Amino acid sequence: AQSVSQHNHHVILSEAASLELGCNYSYGGTVNLFWYVQYPGQHLQLLLKYFSGDPLVKGIKGFEAEFIKSKFSFNLRKPSVQWSDTAEYFCAVNSGDMRFGAGTRLTVKP
Amino acid sequence: GAGVSQSPRYKVAKRGQDVALRCDPISGHVSLFWYQQALGQGPEFLTYFQNEAQLDKSGLPSDRFFAERPEGSVSTLKIQRTQQEDSAVYLCASSLSELGTGANYGYTFGSGTRLTVV
């Protein structure tokens, strides 16, 4: 069965630090990959998605992710985080229906 | 409407009580999904509708959980004889595309219903 692993449960950074959140999935077929963000008290919002083509995907708010097929990974990055990036981040894989990772809580200290 | 609407936002139920959670998807969205999100966890798939047809209910945790979408738009998730372990946020999402068609527009999520069973 397909699964999604997010290895970092809670990440704490200072403003302007660089961010990389790991995401690995286990599925051998064609997949669509997503990162969602959930700000405190709000609903899940799409940050970015990969379907095909350039494996480096740029999303909203300066986020990007790189699909590395050989590593079954889709890590999320941002060069310089802001306090407003404090949120929960979920990686998701869709090869039929959407399956989510357990999430990574990001706390950015001002 | 402009987004996926869920009601109520919060529900407190006594153990053993039946509850019904409502989801209004985006108009015209073919696919509708229900997820359960326990505290500190990612959303877990419950069930999927394509129009009025419930094509996948493999994620429903027990026969106390029942979902319907009789006219292919609004959906209701019903939980009978609620238990404390049912306490979670129940998320609804809708999508323009059908599963398996190769077209994937991603999902739009509602704000969820937070169910607390006491």
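This structure is a prediction, so every number in the text was calculated from the model and none was measured. Side chains are part of it too, since the values below use all heavy atoms of this structure and drop only hydrogens, waters and symmetry mates.
- Hydrophobic cluster membership is shared by A:V11 and A:L76, with clusters built from Ile, Leu, Val, Met, Phe, Trp and Tyr side chains linked at under 4.5 angstrom.
- Within 6.0 Å of the CD atom in B:E71, the count of heavy atoms belonging to other residues, nucleotides or ligands does not exceed 12.
- In this structure, B:F33 is not a member of the same hydrophobic cluster as B:F66, with clusters built from ILVMFWY side-chain heavy atoms closer than 4.5 Å.
- When hydrophobic clusters are built by joining Ile, Leu, Val, Met, Phe, Trp and Tyr residues whose side-chain heavy atoms come closer than 4.5 Å, directly or via intermediates, A:L106 is grouped together with A:L47.
- No more than 12 heavy-atom neighbours from other residues, nucleotides or ligands sit within 6.0 angstrom of OH on B:Y10.
- Linking ILVMFWY side-chain heavy atoms closer than 4.5 Å, directly or via other members, places A:F72 and A:L48 in a single hydrophobic cluster.
- Counted within 6.0 Å of CZ on B:R15, heavy atoms from surrounding residues, nucleotides or ligands total 12 or fewer; the atom is thus considered open.
- Atom CE of A:M98 sits about 6.0 Å away from atom CZ of B:F109, to the nearest 0.5 Å.
- Within residues 54-62 of chain A, no residue has any heavy atom under 4.5 Å from a heavy atom of chain B.
- In this structure, B:I79 is not a member of the same hydrophobic cluster as B:V89, with clusters built from ILVMFWY side-chain heavy atoms closer than 4.5 Å.
- Scanning residues 35-47 of chain B against chain A with a 4.5 Å non-hydrogen threshold yields B:Y35, B:Q37, B:G40, B:Q41, B:G42, B:P43, B:F45, sorted by number.
- Distance check: B:L91 CG to A:Q38 CD gives 7.0 Å after rounding to the nearest 0.5 Å.
- Using a 4.5 Å cut-off on side-chain heavy atoms (C-beta onward), B:Y107 and A:L46 make no contact.
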